[in-house]
Amino acid sequence: MVITREYKFGGKYDVVVCGGGPAGVAAAVSCAKRGKRTLLLEAGGCLGGFWTRGLLTWLIDTFDKGDFWDEVMERLEKNADGKKLPSISRFTADTEKTKLEFERMCKESGADILYHTFVSDAITDHRMLKAVLTESKSGHVYYEASIFIDSTGDGDLGYLCGAAYEIGNEDGKTQPMSLVAHVDGVKIDKTNYDSRYVRNKEAKGNILNDINGSGISPSYKSPLLAVLSEKYNTLGFMVNHEYGSGLDTKDITESTLSAREEIHKVAEGLKNYGGIWKDLRVTATADMIGVREGRRIKGLYRVSIDDVVAGKQFEDGICTVTFNTDIHSLRADNNSGFEEKYDKKHPPYQIPLRALISADIDNLLMAGRCISGDFVAHSSYRVAGPAFRTGEVAGAYAAYCVENNVLPNTLADLSSFL
Ligand SMILES: Cc1cc2nc3c(=O)[nH]c(=O)nc-3n(C[C@H](O)[C@H](O)[C@H](O)COP(=O)(O)OP(=O)(O)OC[C@H]3O[C@@H](n4cnc5c(N)ncnc54)[C@H](O)[C@@H]3O)c2cc1C
């Protein structure tokens, strides 16, 4: 069977950013603020990706991520309780406020947003990407641009262009997926609750003991509660690991179905177990299962475990990463929840601009989870701060390339665009 279809022309932009997670928002805003005609394409119905659609618990690695990050923190300003965001490297932000502020930032910058628009294919000519094809309520529509940015997290755009990529470890194994939930009804009592179930080293073990005590063995052996609001007793809740492929719709669907069942089963078990759990209620499960690892698109430089261990600095270093390497168990039968040999601290290291520039497609940049790196390095830079910062830099560099009519691999001096 051969299926052919006509695509409508949607518009020509200076820069098209694919994926409206934190990396994509930062890229689109930083590009549009520099006066370039920018389009942000997002498959879901809000901005923020895993931060919002995925009900992310903590923003991790938040220090020293540039003025733009500081501006976002100022805009978020307060957590769900109305308390000032703390000056620590890991904290919760308000999910709804994040959605709203990301939308406001895009509108103020002049970037166009299109929701419910899935980037499904790409038209290339030799090493140049000419257009992205999309599917949506509007039908089949294509968009042209001078520079494209892949911020899909999973490297969908690089893959659709035929760019080289890696996934998983040397055996192709990837970290598991997790579906996050929000819960309430847990009485927060600082002397009892705080010391046993959150904010201390034994917390995860204590939660696991109670889940086991209810007769359930959760698929994630380091179950997590994160306080979102003390005032309203709302918490982030993560208890599952799913081992399907995050790049296969059938696996993603089955993993989502299974994870949602497990969340409710564990919550019901804990409720019956009693104690602080007796009024536990699941208020929301994410509409987007969290895919920790997608494709890592091959760049002009590949950040490696050696760079991480050595705390490598680069002349074109654009983001300092301080988060440890963090690999969730690659096998369902691992009882700790993590691959412990990788759970290591390291000196701060940098991501160079070259890791954001595709080695194969001359007008393609990457930002967020899908930049160029190896399996272990990715486990450290895949968190909030670096996602946002790499997005900001990709957007600024795309604007510079358009302005000066050059391709990203000309490798401009950082001071000329940052
Ligand atoms: C289970 C889990 C727990 C995590 N916990 C934390 C944590 O506690 N703290 C932390 O800092 N980080 C955490 N992370 C890491 C988190 O992924 C990053 O912080 C950050 O969200 C990565 O940003 P991103 O923009 O690269 O990708 P994403 O947030 O994944 O955003 C990608 C966006 O692209 C869109 N998209 C994808 N494909 C297409 C397409 N083909 N067409 C159009 N749009 C598309 C998606 O809808 C999404 O909005 C966690 C990740 C997972 C999976």
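FYI, side chains are in, hydrogens and waters are out, and symmetry mates aren't considered; it's all heavy atoms of this structure. Numbering of ligands and ligand atoms starts at 1, following listing order.
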Among all protein heavy atoms, pick the one closest to atom 37 (C) of ligand 1 and tell me residue, atom and distance. Thr152 O, 3.3 Å
Ligand 1 contacted by Pro22 (non-hydrogen, < 4.0 Å): yes
My understanding is that we take every heavy atom of each candidate and find the minimum distance to atom 8 (O) of ligand 1. Doing that for Trp58, Phe118, Phe50, Trp51, which one comes out nearest? Trp58
Approximate separation, where rounding is to 0.5 Å, of Glu339 CD and Arg331 CZ: 6.0 Å
Considering heavy atoms of the protein only, find what lies nearest to atom 18 (C) of ligand 1 and give residue, atom and distance to 0.1 Å. Arg382 O, 3.3 Å
At the 4.0 Å heavy-atom cut-off, does Asp154 count as touching ligand 1? no
Can a non-hydrogen atom of Leu179 be found less than 4.0 Å from any atom of ligand 1? no
If you measure from each non-hydrogen atom of Met177 to ligand 1, which part falls under 4.0 Å: side chain, backbone, both or neither? neither
Can you tell me which residue and heavy atom of the protein come closest to atom 41 (N) of ligand 1, and the distance to 0.1 Å? Asp156 OD2, 2.9 Å
Basic-acidic side-chain contact under 4.0 Å: Glu103, Lys107: no
Polar proximity ligand 1 side, Arg292 side, N/O cut 3.5 Å exclusive: no
For the ring pair Tyr197 and Trp277, is the centre-to-centre distance below 6.0 Å? yes
Part of Leu56 with heavy atoms under 4.0 Å of ligand 1, whether side chain, backbone, both or neither: side chain
Member of Leu365, Asn363, Leu364, Leu157 meeting the side-chain contact (heavy atoms from CB on, under 4.5 Å) criterion with Ser358: Leu364
Assess whether a salt bridge exists between Lys33 and Glu108, defined as any Lys/Arg side-chain N lying under 4.0 Å from an Asp/Glu carboxylate O. no
Shortest protein contact, atom 42 (N) of ligand 1 (heavy atom only): Val119 N, 3.0 Å
Leu129 CG to Asp150 CG distance, which is reported to the nearest 0.5 Å: 10.0 Å
Measure the distance from atom 49 (O) of ligand 1 to every protein heavy atom, then report the residue, atom name and distance (to 0.1 Å) of the closest one. Glu42 OE1, 2.7 Å
Quick one: does ligand 1 sit under 4.0 Å from the side chain of Ser151, the backbone, both or neither, non-hydrogen atoms only? backbone
Set out, in order, the CA-CA distance, both residues' side-chain angles and the distance that settles ring pair (Phe, Tyr, Trp, His ring centres under 6.0 Å) for Phe323 and Tyr381, then state yes or no. CA-CA 7 Å; Phe323 186 49; Tyr381 64 64; over 10 Å; no
Can Tyr143 and Phe9 be said to form a ring pair (Phe, Tyr, Trp, His ring centres under 6.0 Å), step by step? CA-CA 6 Å; Tyr143 299 91; Phe9 176 61; 8.0 Å; no
Mind checking whether Glu242 and Ile289 have side chains closer than 4.5 Å, heavy atoms only? yes
